[in-house]
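Take a look at the structure set out below.
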Amino acid sequence: MFASVLSAISSLPSTSYSHPIATLPSGSIKLNPYLPIPQSSGAATVLFTNPTFLPSVPTGSLSRTVVHVLDAEEVVTPRSAKAVSLISRSAQEAYDHSLLALRLAQDEDVLVYHFISSSLEGSVQQVDDAEKWLSEPLGSPNPANGTTEKIEVEEELLGAYEAISLSLLKLTRRAQRPFVHHKAESSRLVVNFLPSAVEAENVLDLALAIPAPKEKLRSSVSGVQKVVVVEGGNAKYGNGWASVVDALEGTDLNIRSVLVGAGVSASDITSAVSGSAPVARLGKASVHSIPSNAVAIPSPESSYTTLLASSPTPLEILNDPAHLAANESTSPLYAFGKAVAIRKDRARLVELAKKVIRSPNTKKDVHETLSAWLLVREDKGAAAAGEKVAEAIGAGSSDDEKEIVKLGSSGHWEKRALWIVISNSWAVDLASSGLHHALASGLDINLLVYETASSPFSPNAPAQPPKERKKDLALYALNMGDVYVASVAIYADYAGVINAMREAENYEGPGLVLAYLPWGEKEDGDVISAQEKAGPLERLRETKRAVSGGWWPMFRWNPSLPDEKRFTLDSSYIKAALSEFLDRQSHLSQLTLSQPNIDVHVSASAGTDLVAARKEKARKAYDALLNSLDGPGLLVLYASDGGNAEKVAKRLVGRAKMRGVGASLRVLDEIAPSIIDSLAEEKNVLVLTSTAGQGEAPQNGREFHKALGKLSASDKLAETKITVFGMGDSHYWPRPEDAGYYNKPARDFFPKLLSLGCAELCPLGLGDDSDPDGYMTGYKPFEASLWRALGVDSVEVIEEKEETVANEHIKIASDYLRGTILEGLADKTTGAIGASDAQLTKFHGTYMQDDRDIRESLKAQGLEPAYSFMIRVRMPAGVCTADQWLHMDRISDEHGNGTFKLTTRQTFQFHGIIKAHLKPAMQAINRSLLDTIAACGDVNRNVQCTVNPAYSKTHETVYNFAKDISEHLLPSTNAYHEIWLDKKKVYGDATQSFSADHEPLYGPYYLPRKFKIAVAVPPDNACDVFTNDVGFIAIVENDKVLGYNVSVGGGMGVTHGNKKTYPRLGDVLGFHSPEDGCKVAESIMLVQRDYGNRADRKNARLKYTVDRLGVAKFKELVEERWGKKFAPARPFEFTSNLDKYGWATGHDGRHHFTMFIENGRIEDSPRHQFKSGLKEIAEHHKGNFRLTANQHLILSDVEDSDLEEMKRLLAKWGLDNIDHSGVRLSSSACVAFPTCGLAMAESERYLPLLIDKVEKICEEAGVRNDDLVMRMTGCPNGCARPWAAEVAFVGKAPGAYMMMLGGNHNGTRLNKPFIESASEPEILAVLKPMIKRWALERNEGERFGDWTVRAGYIKPTTHGTNFWEHGFPSAQQAAQAIAA
């Protein structure tokens, strides 16, 4: 019964909250005790609570609020000047009173307490349209309205109650009375204020307890000689008794009081009613203890509190619910009171210690131990020294000594860092009272204040009202002068948070740490907008928006430091902006000179540009005139998110103009305000739109979509012809029921536009990315039909061939990779370089990127993207010294974003390097005796090599082999040294000539596409040798390398929707001796140089060359350039493509430890502290580091004498922890967002979160420790080699991934597409039953990838050319799995 009543009440229209009561109403938002009830400006706010939590409601400033008190035992008077209390004793009454309370709170702006009995009876008849009744005017006026006399609040509320009750009567046909009188012949009237019934005669059950209906009470006492008021409580008198006495003032009635406490039976109440005592108190006072575990702290806050708990000094969070006694408040003001008491007690302890030392009666050992404690009382040894004091004093010979022992045993021997947390989720500081008292007190107390609001640049949430901004507290605290103040953000600067917390604890005085945690009050997965849910990734993006935009500054102010060092600015964005401002000021100062030093060409070039602009404008006007005179008109309207539809629309307009069509181009949303009039002006209209989300229109077409749906037919469009072309992907949604999303905008627009009165220009056209030629399969016939409809299909036009070889032109014109890079670096007006130079810098080892997390927010501010550069180091075989590691660590801090990446090609990668730091970073890398030449670009890139310590006898041989190939295939241009090193080489041939360049291997064109080489030592295939353009497989006998089998044609890059592109594993050509390695690699590369496809970069890789020529022909061409023949391939076997974690000892007695570095990111974060730990290890390590192709790290060449020290350091930083699940240890991810310009979805930042959930599935299935190769990339270029994994995810759009199955565990079989586009819930829904079946049905040693093939989920991919064949077999299987 109670559940049904609660359901009915919670269904009423309102914003509702609930305390942690036993039965939570549906749709209500959880609210911690002690927190104020959030107020809304419109409808009334509702809180569901019970007698336990009711005392924690701060009601003083509440209005327009209804508080439903469930299981009520007594009526409590609200602490509010304008309040109403209602009592419900039946189910229907509870529902009706809830409606009445909502209207009262809404209309009269009052606080309403609604006390609901625990013993409700009867059924509930609900109102059909409560929302309408709440919003429409009352049918009867308030009797109190219309009078000019001053009205008391009680009279006004009673009048409102009567008016609303009458209106509710008309709606429900049920009367609402202030009380129900159960009349009986008796000289005694019992007035019941209890929510429960009273077993007596002539009982008047109050429904309106406050304000009491005094006039109606008077009319109920005729024939009565005495009145008994029954109510809950245990005070001297009850509030109900007082209101009845007030109502019956002037009568001769005897008014008695029965106060009912806890544990009183109905018979006891009946007896007391029948008694004669003026005041009868029954039972004990009701005591409700709020348990500390009732306060829920949002889990995101643990990112800060975990760091607090890691403090090297003892600390206490004074309002932490986990350490509070029952009924202790989490209020910061209450916590401040505790802090004052703690500091007072410790000051008393110090005072007593000094007093006892001065006493002549103090024993010698007590004197000595107390003196020793006073000396160390602020240090770590204070607790131990205090225990010695207690031992020396014993029972104590004086009251002072006894008090010392008592205070010491209370935890005051050592000084604790005291923290108070201020959080909107569980520790609200009303009016900042606790903060003000703490800062003004001068006591050594620290406050951690969370700011959880989004920044003004956020697309996901509204801006925060200024009065609620926590960041403004910093200014308040700074004005005090003697307060330590820090503003930090853990998702922007992890180390800065640690520094601020430790500095605050060490400062002798109050400290304030403002911590940014966007949406910190929400749990992961909670909705924050229509597009996003809360989670670490979204908090990271929002933090970057706030910090980069300057809304959340990061700084530290330490009054204890010298003046020049007190303020530390930690915001790199603000630092850069400040530097730019100062630099601009120096430039502007030139303008104040009497003779400014301005280039004479400036004015001349401006005039030239003006003339050119005028000529261009005249030419366009002339073209428009000719088009309007000679040909039909065509308006092309487009809507596009990713830019593809826009590109097609622009190209079509150009092609139309060449046929004499007067074509024009507009964005679809531009005509949204006047669709009919805009279309009526045109004879021919083409709408070209892509598809977004769940079949939605693109962002710049959504206003059009909304407006179109509201229109009706019009005669104005009788002369307008229209057609529509849509672009979508029929395999984007795997479930059959979602098939309707395919090209939905186009399929919606076309019939609607025709229904408005437009005629059909040509039939609807649909382009499908899943067709063999992508959208072009449908577009080509559509365009032909369009020309026919316009009557221009017979016009002969010689069209310019679409430019497909821009990169080749750039290379040819670059003067051997110089371009205008130096000039671009010198340009301080932008953080970018030119588009051509951005292609050329890849050959130098750097990519231009921008921070995509904040791209949109910067665009909204009218700013250019946050450009930065990625630098990739050339480091053959992934071997570096400890000193080089320290160089890399320093470079990441001084020039990058404070982190660096171990890549899948066994090298280092830096991100976030701004243009001003690009050249210094390059020079710093060169000083470490490394370089970046040919780490990217259309050349041979970093050569990979097996680094398994178990093969240490052969490692030196294959390492030197890989290094020789890398050096042999290096470009010869001097451009790298001229641009980055000012022609100064730090190592190598110091007498190198810098004469005219030539490229004996590459020529001026370089290669058609990137070129990758790897060297593997069977049975270890951790470098996935077959995924490379060229693979060398060492043939080893008796620890000696006899030679190498060579494979060609591997490659990972694919284009979504283009089935002419595919991943491929290499084919083995044959065997050669070690000394021929460089020549063989050169010969293969030269064949690719001469025969590769330079016209289409999507088909330019060596794999396509091999398939076009055929393996036999390709082999013949290689042998022709080599001058030798390949011997038959030697037998070999690969058993794994994973790293072997843990310690291993080589043949020379040296030790090697392979450690797990998740996705290769070297950083300090709440999950791990790889960066600090590896830095300290490198400072002590005497051997090398080896990077693996799976993004992990080997601490290599550790001598016996250093073994224990290395083990100690690894343990110190948790780097010895390899106790992870098999799927985590086997995982790999590329960088993707926010820096990669090609990324379509998250990868590195998201895969660990997905694995958290997959791990639970594996644990449930009993396969936690079984390897399962899982890889993820943000785009189909395949940097993390996803196509060779057992399970892989390739990004298609934010939150959507193509899912692959069926690869094997040793890198010798590709996987195959399984689901075209899967979200996280769909991925987990598919994997859960699969993994469970694998665990139960697999054969001995059968790996997951092999099992998925045997179980029939997927067909095996036998060659790259049949990768797409039988792909996506699982539309029905996946749908069934997801539904299950």
- [ ] Tell me yes or no: between the side chains of S16 and S14, is some donor less than 3.5 Å from an acceptor?
- [x] no
Task: Residues, nucleotides or ligands: over 12 heavy atoms within 6.0 Å of K533 NZ - done: no
Open item on the list: Within the 4.5 Å heavy-atom criterion, are P33 and P20 side-chain neighbours or not?
Closed with: yes
Task: Taking every non-hydrogen atom, the tightest pair across L120 and S88 - done: CD2-O, 4.1 Å
TODO: Report yes if the side chains of K82 and L157 come closer than 4.5 Å at any heavy-atom pair, otherwise no.
DONE: yes
Open item on the list: Do H19 and L47 make a side-chain contact, defined as non-hydrogen atoms from C-beta onward lying under 4.5 Å apart?
Closed with: yes
TODO: Work out which heavy atom in G233 is nearest to a heavy atom in E74; give both atom names and the distance.
DONE: N-OE1, 3.6 Å
Open item on the list: Just so I know, are the side chains of I164 and Q176 near enough to count as touching, which here means a heavy-atom distance under 4.5 Å?
Closed with: no
Task: Side-chain donor or acceptor of Q92 paired with backbone N/O of G122 under 3.5 Å - done: no
Open item on the list: In the structure I gave you, are the side-chain heavy atoms of W426 and V421 within less than 4.5 Å of one another anywhere?
Closed with: yes
TODO: Measure across L12 and Y95 and return the closest heavy-atom pair with its distance rounded to 0.1 Å.
DONE: CD2-OH, 3.6 Å
- [ ] Taking all non-hydrogen atoms of both residues into account, name the closest pair between L217 and A247 and its distance.
- [x] CD1-CB, 4.1 Å
Task: Under-4.0 Å salt bridge between R177 and D205 - done: no
Task: K470 and N424 side chains, donor-acceptor separation under 3.5 Å - done: yes
TODO: Answer yes or no: are there more than 12 heavy-atom neighbours, outside K214 itself, under 6.0 Å from its atom NZ?
DONE: yes
Open item on the list: Can you confirm whether E201 is buried at CD, in the sense that more than 12 heavy atoms of other residues, nucleotides or ligands lie under 6.0 Å from that atom?
Closed with: no
Task: Closest contact, heavy atoms only, A335 versus L318 - done: O-CD1, 3.6 Å
Task: Residues E542, R539: salt bridge by 4.0 Å N-O rule - done: no
Open item on the list: For H323, is the NE2 atom crowded, meaning more than 12 foreign heavy atoms sit under 6.0 Å from it?
Closed with: no
Task: F48 vs L24 side-chain heavy atoms within contact, under 4.5 Å - done: no
- [ ] State whether K522 and E538 are salt-bridged, where the test is any N-O pair (Lys NZ or Arg NE/NH1/NH2 against Asp/Glu carboxylate O) under 4.0 Å.
- [x] no
